[in-house]
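To find a chain, count down the sequence lines: A is the first, B the second, and so on, and within it residues start at 1.
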Amino acid sequence: MEYKFNEIEKKWQDYWRENKVYQVSNNSGKPKYYVLDMFPYPSGAGLHVGHPLGYIASDIYSRYKRLKGFNVLHPMGFDSFGLPAEQYALETGQHPATTTEKNITTFKAQLDKIGFCYDWNRELRTSDPQYYKWTQWIFLQLYNSYFCNTQQKARPIADLVKKYETKGCKNFTADQWNAFTKKEQEDILMNRRLAFSAFGEVNWCEALGTVLANDEVVNGVSERGGHPVERRKMRQWFLRITAYANRLLQGLETVDFSDSMKEMQRNWIGKSEGAEIEFNIKNSTSRLNVYTTRPDTIFGVDFMVIAPEHEIVTAITTSEQKEEIEKYLAYVKSRSERERLAEAKTITGCFTGAYAVNPFDGRKIPIWIAEYVLAGYGTGAIMAVPCGDQRDFAFAKHFNIPITNIIGTHFTGHEANPTKDAVLQNSGFLNGLVMKDAMAVAINKVEELGIGKRKVNYRMRDAGFSRQRYWGEPFPITWCDGIANPLDASELPLELPHVDKYSPGPNGEGPLANLTDWINTANGRRETSTMPGYAGSSWYFLRYMDPHNDKTFCDRKASDYWNQVDLYIGGTEHAVGHLLYSRMWTKVLFDLGLIGFDEPFKKLLNQGMIQGSSRFIYRVAGTNQFVSAGLKDNYTTQPLHVDVNMVDGVDLNIEKFKQWKNAEFADATFILENDKYICGTEIEKMSKSKFNTVNPDELCDKYGADTFRMYEMFLGPVEASKPWDTKGIEGVHRFLRKLWRLLFDDLKGKIWTDAKATDAELKVLHRTIKKIEEDTERFSFNTAVSTFMICVNELADLKCNKKEVIEQLLILLAPYAPHICEELWHQLGNKGSVLDADYPTFNPALLVESTKDYPVSVNGKLRTNIILPLNLEQPQVEELVLQNEVVQKWLDGKPPKKIIFVKNKMINVVV
RNA sequence: GCCCAUGUGGCGGAAUUGGUAGACGCAGCAGACUCAAAAUCUGCCGUUCGCAAGAGCGUGAAGGUUCGAUUCCUUUCGUGGGCACCA
């Protein structure tokens with residue numbers, strides 16, 4: 001009986017589906033465990049071998065946990081709103097809903113082929129109205145909440161209104177509040193809502209009539225068409241994530257993410273401590289407020305730099321400088337934020353003609369504007385200290401601004417020195433203090449004089465939450481006289497209306513603005529922008545817990561039961577965006593009492609990227625002739641990507657190549673080396689356009705899903721990035737066939753027996769149990785696969801065909817290769833899924849050894865091995881070692897200085 | 001520029017706490033079985049010297065700590081990724 005993997009895999013996938021083997025209940029006496037993958041965006045290109053890496057890891061772990069007696073939630077869904085579908089619609093006229101549906105069908109079929117244990121009954125799609133109804137609902141919760149600074153948590157905005165009505169606040173009394181117009185009141189509340197509307201800068205492209213993402217802007221022009229792009233203020237929705245900055249920071253202490261992942265989030269949040277200091281401006285009533293982390297350097301300030309967008313600019317610019325400044329402002333407007341921050345080499349700036357006054361020594365400080373200072377960070381103004389900050393130093397040198405030295409010999413005049421350990425000079429009342437200590441002294445003085453205060457600052461900005469696009473969640477908001485009106489929860493979902501064309505609406509609005517019937521309602525004009533991609537993904541892990549509930553987003557009972565995601569697997573590309581947003585949403589829902597935990601993901605495992613190994617051929621310039629890689633240097637050539645699937649290693653299959661792309665290269669000729677065409681190679685991102693993608697379906701057809709799963713794991717540690725190479729897959733396939741042959745012979749059929757296992761066989765088994773359990777627990781799936789190979793090799797060497805042993809092995813292997821294990825499990829006469837078997841228990845007694853083959857080194861160099869009983873103590877060991885012939889040879893008659901003996905490890909003789 | 005990760009045979013990788021470097025697999029070589037092939041099995045497989053026994057070298061490089069370093073420390077180079085005039 002042969003190992004017919006295709007039949008077996010189909011059979012068990014059907015069985016699992018029909019018997020609902022992976023359906024999970026919210027009621028169970030077992031402890032729960034929640035394993036989640038970052039759900040995919042269903043792109044038109046389908047799945048390539050890079051996608052399933054994390055899915056296989058999570059699937060193995062889910063099955064393992066189930067075998068270990070847990071009620072495991074392991075769902076899958078689709079992040080199905082997004083730009084590519086809309087872009088595709090723009091090009092082909094096909095509705096995003098149609099193409100998305102089609103793509104999801106393909107994805108699901110591909111996923112099912114690999115044999116994942118998803119509970120598809122809980123599948124969700126962010127673009128499904130039954131799902132985004134609750135995305136909109138949560139948005140309304142955010143809209144109707146504010147961040148209470150006293151309690152450091154979200155509270156209903158109604159609480160704030162009540163306070164204003166009865167007590168007022170430091171800016172107005174209750175009477176004043178009650179006298180405000182509705183619009184005035186709403187404007188004040190908008191400044192506190194967690195989801196709020198305000199003006200924000202966007203990349204505006206006049207020619208395309210639309211807003212562009214940062215990466216759609218290249219060198220100041222649009223990527224599509226090369227049209228000019230400028231910064232423009234537009235009304236946008238935002239999430240007040242900055243209010244949660246500190247809690248997001250503190251929450252990192254309570255979760256199990258890698259240190260580098262936490263570090264990335266900390267850097268993004270960018271907490272800094274310093275001071276805000278106000279400077280008077282000469283001949284002006286305006287004052288300039290700067291934020292600095294180094295108040296100790298206040299006597300070293302030689303100039304100020306403010307953001308070109310700073311509101312004070314026009315007020316302080318002198319008439320002589322007006323023209324210059326306007327020219328510079330026009331230049332800055334043409335620069336995307338990314339460009340403004342990216343080019344460190346070219347220094348630009350412009351003097352306003354105005355001077356600030358140093359409050360301590362009265363010195364005149366010129367005020368400049370420069371693109372590297374952003375309006376959105378701090379106060380949008382900095383005090384520049386060239387002797388201590390390299391960027392300020394470069395700026396001063398470039399514009400010939402004299403530099404004051406406040407750190408004596410620590411400053412060379414050739415570069416800035418950002419030390420905090422220097423003793424201050426030329427620094428008035430701070431003279432003689434070490435900079436570190438001077439900070440507090442300076443801040444205290446500033447506060448005493450009432451010209452500034454201690455300030456904690458965050459680099460993170462509030463998150464832009466609207467997009468001028470079609471394929472996203474509509475906002476449940478209408479506008480009337482400049483006042484936003486939320487829809488009532490009973491009116492949800494506000495369904496995304498059908499459109500016939502996907503081009504932008506007037507005045508930079510999204511496509512929805514074209515639907516006059518839809519936007520005009522009795523309660524005002526509908527919001528025409530839609531929510532960004534991360535809206536639906538910020539809370540999806542909750543919906544899986546209670547996916548069909550039409551009363552609430554997730555019943556509190558369900559979220560109390562499943563609680564946090566125990567293991568979350570996904571790529572590092574979501575390190576800051578998605579993870580921070582979902583952490584924030586979780587905290588808000590927790591604050592409002594809607595769920596019982598405030599961190600969504602207990603443990604995060606980052607899978608590495610599988611890169612593609614591209615193949616190149618070299619066209620001789622201007623011909624249809626291609627030269628083999630080894631000879632290409634003799635010609636002028638252009639490299640051309642060829643499909644990796646037509647290449648065996650680096651050896652091009654010329655016949656296949658000639659038929660490629662509708663026989664585009666049918667007439668090509670070749671310059672070969674040793675009768676072969678050798679391709680060039682390069683490791684790149686796996687992508688369709690580079691022809692280096694490998695389709696998992698084909699590998700599953702050719703070798704089976706079990707082989708494919710194990711090979712992906714065998715490639716290396718899950719967390720590591722590595723290039724894909726199909727070559728080694730044969731080895732894993734051979735392993736599974738070898739396992740099969742322990743029970744079945746191709747000719748004789750069944751060869752397994754009920755005979756009792758020998759000690760040697762049990763030893764092999766229990767060594768494997770121990771190692772597999774350890775490796776699976778620490779997500780070391782690659783070494784687990786090796787362990788299985790070793791085990792089967794050893795059992796084959798022992799000619800062990802015993803049910804007693806192999807049955808246990810099948811349970812261990814089931815998470816990794818579920819189909820073959822299920823088949824063999826039943827062949828051995830068991831009923832029910834192998835996943836419901838009892839996980840083998842490791843028996844240490846079987847592995848106890850009485851002797852050890854010790855490596856013996858002389859002076860740290862390994863010279864021989866000696867087998868010694870394990871119960872020997874140092875003196876006996878020394879005696880036996882010194883008797884050894886090889887050791888005596890290396891001692892060469894000299895007495896040993898010392899003998900190091902580590903029990904059960906090694907022996908080292910020092911001469 | 002800053003931060004993080006990483007560097008081990010022809011290749012993917014292993015060595016979990018400082019204790020036999022190269023497990024396991026791929027590729028390669030030699031052989032068995034076969035009319036032949038596939039499949040399977042056996043042996044070899046870091047490098048240099050040597051018939052061999054054995055010896056020298058060897059985890060990017062150079063130092064250091066240690067009886068002992070792929071593992072810890074310092075310096076340095078390469079690669080990958082992330083962030084970026086963030087005050």
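- At B:rC41, one or more side-chain N or O atoms of A:K738 fall inside 4.0 Å of OP1 or OP2 (strictly under the cut-off).
- Looking at every heavy atom in both residues, A:I443 comes nearest to A:G274 through CD1-O, 4.1 Å.
- Side-chain N/O atoms of A:R863 include one lying less than 4.0 angstrom from OP1 or OP2 on B:rA55.
- The CE atom of A:M713 sits 19 Å away from the P atom of B:rG25 (whole-angstrom rounding).
- Summarising the base pairing, B:rA5 is matched to B:rU79 through a Watson-Crick or G-U wobble pair whose two defining distances lie under 3.5 Å.
- Using a 4.0 Å cut-off between charged nitrogen and carboxylate oxygen, A:E849 and A:K763 count as a salt-bridge pair.
- In this structure, A:R737 reaches the sugar-phosphate backbone alone: every heavy-atom distance under 4.0 Å involves primed, P, OP1 or OP2 atoms, never a base.
- Salt bridge absent: A:E2 and A:R737 never bring a charged side-chain N and a carboxylate O closer than 4.0 Å.
- Along RNA chain B, the nucleotide nearest to A:R294 and the one nearest to A:M264 differ in position, and the one closer to the 5' end is contacted by A:M264.
- Taking atom CD of residue A:E2 and atom C1' of nucleotide B:rA38, one finds them 12 Å apart after rounding to whole Å.
- Between A:F788 atom CZ and B:rG13 atom P there is a gap of 21 Å when expressed in whole angstrom units.
- Among the nucleotides B:rC24, B:rC3, B:rG12, the one closest to any side-chain atom of A:N793 is B:rC24.
- Between A:F399 and A:F351, the ring centre distance reaches or exceeds 6.0 Å.
- Straight-line distance from the CG atom of A:L868 to the P atom of B:rU20: 16 Å, rounded to whole Å.
- Between A:N782 and the phosphate of B:rA14, there is a side-chain N or O to OP1/OP2 separation shorter than 4.0 Å.
- Base orientation of B:rG9: syn, since the glycosidic angle falls within 90° of 0.
- Rounded to an integer number of Å, the gap from CG of A:D725 to P of B:rC26 is 13 Å.
- Remark: A:R734 is in phosphate contact with B:rC26, judged by side-chain N or O atoms under 4.0 Å from OP1 or OP2.
- Spacing between atom CD1 of A:I729 and atom P of B:rC24 amounts to 21 Å, rounded to whole angstrom units.
- Closest to the side chain of A:W890, from the set B:rA55, B:rA15, B:rG13, is B:rA55.
- Counting only N and O atoms by type, the side chains of A:N793 and A:K738 include a donor and acceptor under 3.5 Å apart.
- Side-chain atoms of A:S272 and A:N457 include no donor-acceptor pair closer than 3.5 Å.
- Taking for each of A:D392 and A:K905 the nucleotide of RNA chain B with the nearest heavy atom, the 5'-most of the two is the partner of A:K905.
- Looking at A:K771, its side chain comes within 3.5 Å of the base of B:rU16 through a donor and an acceptor atom.
- Here the P atom of nucleotide B:rG81 and the NZ atom of A:K722 are 16 Å apart, to the nearest Å.
- With both pairing distances under 3.5 Å, B:rA32 is matched to B:rU40 as a Watson-Crick or G-U wobble pair.
- Rounded to whole Å, atom P of B:rC11 lies 14 Å from atom NZ of A:K727.
- Of the side-chain N and O atoms in A:K861, one or more sit less than 4.0 angstrom from OP1 or OP2 of B:rC57.
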